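A quick write-up on the structure given underneath.
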Amino acid sequence: MKRVITYGTFDLLHVGHINILRRAKALGDYLVVAISNDEFNALKGKKAYYSYEDRKTILEAVKYVDEVIPEKTWEQKVQDVKDHDIDIFVMGYDWTGEFDFLKDYCEVIYLPRTEGISTTQIKKDLMSK
Ligand code: C2G
């Protein structure tokens with residue numbers, strides 16, 4: 001039983017998110033997704049359209065996702081890997097190198113992003129309609 005974890009805001013869920021969730025799940029048997037809560041999003045300089053609760057409900061409906069937990073701080077990842085018995089940490093390669101400190105605790109894999117889509121782009125496109 002290989003257990004995988006990934007982190008993100010996952011606002012306005014789109015195919016870029018689905019692609020990385022599908023690829024992350026394909027690396028193991030069980031996928032934990034840590035969703036940034038609204039306070040942590042503010043730390044990232046982001047304001048999600050959907051609340052944490054709604055983003056959690058939406059992700060829990062994705063067939064690749066087995067469990068959703070809150071991401072509250074930058075510092076929680078080592079504890080999460082331990083608490084959830086994680087074998088593989090996955091992030092999009094826009095984060096390459098940022099989480100290499102986790103290599104002492106689990107495999108760290110950065111996957112290609114899906115080009116041409118992002119929550120920011122969706123918001124921009126909608127504003128210009
Ligand atoms: N992603 C992707 N392709 C896109 C958009 C996003 O592969 N077109 C990936 C990102 O690389 C990330 C995940 O989808 O791995 C979630 O993206 P965001 O919701 O934008 O998350 P982010 O703000 O990068 O938060 O502690 C880590 C942070 O919480 C990551």
Side-chain angles (χ1 to χ4, degrees):
M1 269 290 277
K2 276 220 179 227
R3 296 168 60 85
V4 186
I5 196 167
T6 192
Y7 292 73
T9 301
F10 293 100
D11 192 26
L12 300 181
L13 207 64
H14 55 65
V15 287
H17 296 136
I18 298 300
N19 287 339
I20 197 153
L21 293 170
R22 183 181 63 253
R23 292 169 183 156
K25 178 61 180 280
L27 293 168
D29 309 283
Y30 189 88
L31 176 61
V32 178
V33 181
I35 301 190
S36 312
N37 67 10
D38 297 328
E39 296 73 18
F40 183 63
N41 256 335
L43 280 184
K44 290 196 288 185
K46 283 187 161 185
K47 179 154 180 16
Y49 178 78
Y50 290 130
S51 67
Y52 168 77
E53 283 308 322
D54 285 354
R55 287 182 284 117
K56 181 173 188 288
T57 302
I58 291 166
L59 264 203
E60 282 171 341
V62 174
K63 67 180 181 181
Y64 306 117
V65 176
D66 295 290
E67 184 179 358
V68 176
I69 63 171
E71 178 183 30
K72 301 177 181 173
T73 69
W74 288 111
E75 296 76 25
Q76 71 183 70
K77 293 184 174 70
V78 170
Q79 199 54 50
D80 288 345
V81 168
K82 291 176 181 171
D83 292 351
H84 295 273
D85 192 19
I86 298 297
D87 301 291
I88 306 172
F89 167 90
V90 171
M91 283 305 292
Y93 62 17
D94 45 316
W95 292 94
T96 299
E98 293 297 320
F99 304 114
D100 287 357
F101 62 88
L102 288 170
K103 286 180 175 172
D104 297 337
Y105 306 94
C106 64
E107 215 180 319
V108 174
I109 296 178
Y110 300 104
L111 293 175
R113 279 174 68 94
T114 303
E115 294 314 315
I117 183 109
S118 70
T119 305
T120 312
Q121 192 57 51
I122 293 169
K123 288 179 179 176
K124 273 193 196 134
D125 289 353
L126 288 175
M127 303 259 268
S128 63
K129 286 268 183 281

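Atoms within each ligand, like the ligands themselves, are counted from 1 in listed order. Fair warning: this is a prediction, and the values are worked out from it, not measured in the lab.
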Suppose I only count heavy atoms of His14 and a 4.0 Å limit; which atoms of ligand 1 are within that range? 5 (C)
For atom 19 (O) of ligand 1, which candidate among Tyr7, Phe10, Trp95 holds the nearest heavy atom? Phe10
Would you call Lys72 and Asp80 a salt bridge, using N to O less than 4.0 angstrom? no
So which bit of Ile20 gets within less than 4.0 Å of ligand 1, heavy atoms only: side chain, backbone, both or neither? side chain
Go through ligand 1 atom by atom and flag the ones less than 4.0 Å from a non-hydrogen atom of Thr9. 18 (P), 19 (O), 21 (O), 23 (O)
Within reach of ligand 1, part of Asp94 (heavy-atom separation under 4.0 Å): side chain
To which of Lys44, Gln76, Glu71, Arg113 does the heavy atom nearest atom 27 (C) of ligand 1 belong? Glu71
Between Tyr93 and ligand 1, find which residue part has any heavy-atom pair under 4.0 Å and reply side chain, backbone, both or neither. neither
Under the criterion side chain to side chain contact (heavy atoms under 4.5 Å, CB included), which of Lys47, Arg55, His17 is the partner of Thr9? Arg55
Residue among Lys2, Arg3, Lys25 satisfying salt bridge (charged side-chain N to carboxylate O under 4.0 Å, His left out) with Asp66: Lys25
So, for Trp74 and Phe40, is the gap between ring centers shorter than 6.0 Å? yes
In ligand 1, which numbered atoms sit nearer than 4.0 Å to a non-hydrogen atom of Ser36? 29 (O)
Would you indicate which of Met91, Arg23, Lys77 comes nearest to atom 12 (C) of ligand 1 when only heavy atoms are counted? Met91
